[in-house]
Trainee: 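My structure is below; once you've seen it, I'll send some questions.
Note that ligands are numbered from 1 as they come in the structure, with each ligand's atoms numbered from 1 the same way.
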Amino acid sequence: MSIAIVIPNRDTTKLCGKLKEFLPEQQIEVWPTIKHPEHVEFVIAWNPPPKSLDPFINLKAIASFGAGVDSILNYEGLPQVPVSRIVDPGLAQDMARYVLSHVLAHQQRHREYFFKQDNCDWRPRRARGDNRVLILGAGHLGQACASLLALNNFTVTTWSKSKRVQEGVHHIFSQDDLKACLADTHYIVNLLPLTPCTEGILGQSLFSNCKQSPLLINVGRGAHLDEGALLEALSQELLCGAVLDVFRQEPLDIAHCFWGHSKITVTPHISAVTDVNTVVEQLVENCRRVQNGQDMLHCVNLSKGY
Ligand code: NDP
Ligand code: OXD
């Protein structure tokens, strides 16, 4: 058996080195230079390019190198094998800090003073008193964000498909409750997985329910967002601004209007970046499990798509 790493446009030297340290007996190959695709039984993948997985005719499992699996599940002709994803407390902590920092920056008017400094404009204003946050998605990352925000005295509601109980956090799971909550919220954080049910969810019908002109923070996936609807919602002040970490097309085209928009903050998909040091053990564990014919940890439900 050998392992293949299919992670385009990223330096995989560190990942290879760590895997060799834990699995010295394994052959590790890095796409696109795979000498013996027929020996590959375990693939570690992120955004696998079309046809890149096809030569692995004896594949037994795919491990996503990230928490999301949409780029793997959307692979045309995906091999019919189990797929696992990353569940890592370090990743969740990074995400929670990213979200909290943007919520606080908005509450404290950082962006406003940044622009005012350019004009030597000394006009103090109180920090915003708004403190209600709605998180779409109450999974591993949504719950981590909810906990940190609640610890910082925000009133937090999470929304998901099924019922959840989380201390200090209000949870809703119906469409009616979602509508009511949108009318009242000051911040919307998207942490849903990208599936056919969630694609385009950040669109006109959701924004039209917002009555407090909230700040939108999209850290899920770019395809959750209807970009035209966002621009319209910003111009109508249904939303007061947006922090976007993920985009339909990444890297974001230099000509894209988001870059220069006064109400939009762009970050280059960095809210929670997989850290080789903290995730290598679960990749190794899953590789061993596959070798021993056991189920992997953190397997994705292929019919649900997350
Ligand atoms: P989880 O699978 O742990 O959680 C997903 C949550 O979304 C669950 O609460 C689930 O509800 C809910 N959900 C799914 N579909 C629906 C729906 N149709 N309606 C309502 N709720 C729904 O995922 P994670 O928290 O680990 O990650 C979430 C996403 O964050 C990833 O899929 C990825 O896209 C993104 N991400 C972004 C990163 C970045 O750097 N920007 C980094 C890492 C992840 P239920 O449990 O009830 O089914
Ligand atoms: C992930 C991501 O899903 O980086 O892990 O977006």
Trainee: Side chains of H256 and E227: donor-acceptor distance under 3.5 Å anywhere?
Mentor: yes
Trainee: What does the N/O contact table under 3.5 Å look like for ligand 2?
Mentor:
| unit_1 | atom_1 | unit_2 | atom_2 | d |
| --- | --- | --- | --- | --- |
| ligand 2 | 3 (O) | A67 | N | 3.4 |
| ligand 2 | 3 (O) | G68 | N | 2.7 |
| ligand 2 | 3 (O) | R221 | NH2 | 2.8 |
| ligand 2 | 4 (O) | H269 | NE2 | 3.4 |
| ligand 2 | 5 (O) | A67 | N | 2.7 |
| ligand 2 | 6 (O) | R221 | NH1 | 2.8 |
| ligand 2 | 6 (O) | R221 | NH2 | 3.3 |
| ligand 2 | 6 (O) | H269 | NE2 | 2.6 |

Trainee: Would you tell me whether N190 and H224 have side-chain atoms, one donor and one acceptor, within less than 3.5 Å of each other?
Mentor: yes
Trainee: For residues S147 and Q166, report the shortest heavy-atom separation together with the two atoms involved.
Mentor: OG-NE2, 2.9 Å
Trainee: Which pair of heavy atoms, one from F65 and one from T274, lies closest together, and at what distance?
Mentor: O-OG1, 2.8 Å
Trainee: Centre-to-centre under 6.0 Å for H110 and F114, is that the case here?
Mentor: no
Trainee: Do any pairs count as a side-chain hydrogen bond (donor to acceptor under 3.5 Å, both in side chains) and have a residue in residues 150-165, sequence neighbours left out, and if so which ones?
Mentor: S160-H171
Trainee: Could you tell me which non-hydrogen atom of R126 sits nearest to which non-hydrogen atom of R109, and how far apart they are?
Mentor: O-NE, 2.7 Å
Trainee: Would you mind writing out a table of all protein N or O atoms found under 3.5 Å from any N or O atom of ligand 1, naming both atoms and giving the distance to 0.1 Å?
Mentor:
| unit_1 | atom_1 | unit_2 | atom_2 | d |
| --- | --- | --- | --- | --- |
| ligand 1 | 3 (O) | R85 | NH2 | 2.9 |
| ligand 1 | 3 (O) | H140 | N | 2.9 |
| ligand 1 | 9 (O) | A138 | N | 2.9 |
| ligand 1 | 9 (O) | G139 | N | 3.1 |
| ligand 1 | 21 (N) | K161 | N | 3.2 |
| ligand 1 | 25 (O) | H140 | N | 3.3 |
| ligand 1 | 25 (O) | L141 | N | 2.9 |
| ligand 1 | 26 (O) | R85 | NH1 | 2.9 |
| ligand 1 | 26 (O) | R85 | NH2 | 3.2 |
| ligand 1 | 34 (O) | R221 | NH1 | 3.4 |
| ligand 1 | 40 (O) | S271 | OG | 3.2 |
| ligand 1 | 40 (O) | A272 | N | 3.4 |
| ligand 1 | 40 (O) | A272 | O | 3.3 |
| ligand 1 | 41 (N) | V219 | O | 3.0 |
| ligand 1 | 41 (N) | D245 | OD2 | 3.0 |
| ligand 1 | 41 (N) | S271 | OG | 2.9 |
| ligand 1 | 46 (O) | R164 | NH2 | 2.8 |
| ligand 1 | 47 (O) | K161 | N | 3.2 |
| ligand 1 | 47 (O) | S162 | N | 2.6 |
| ligand 1 | 47 (O) | S162 | OG | 2.4 |
| ligand 1 | 48 (O) | Y306 | OH | 2.4 |

Trainee: Should side-chain heavy atoms under 4.5 Å link Ile, Leu, Val, Met, Phe, Trp and Tyr, which residues sit in the same cluster as I62?
Mentor: V6, W31, I34, V40, V43, L53, F56, L59, V69, I72, L73, Y75, L78, V81, V83, V300, L302
Trainee: Before accepting this row, confirm whether a basic side-chain N of the pair D295/R289 lies closer than 4.0 Å to the acidic partner's carboxylate O.
Mentor: no
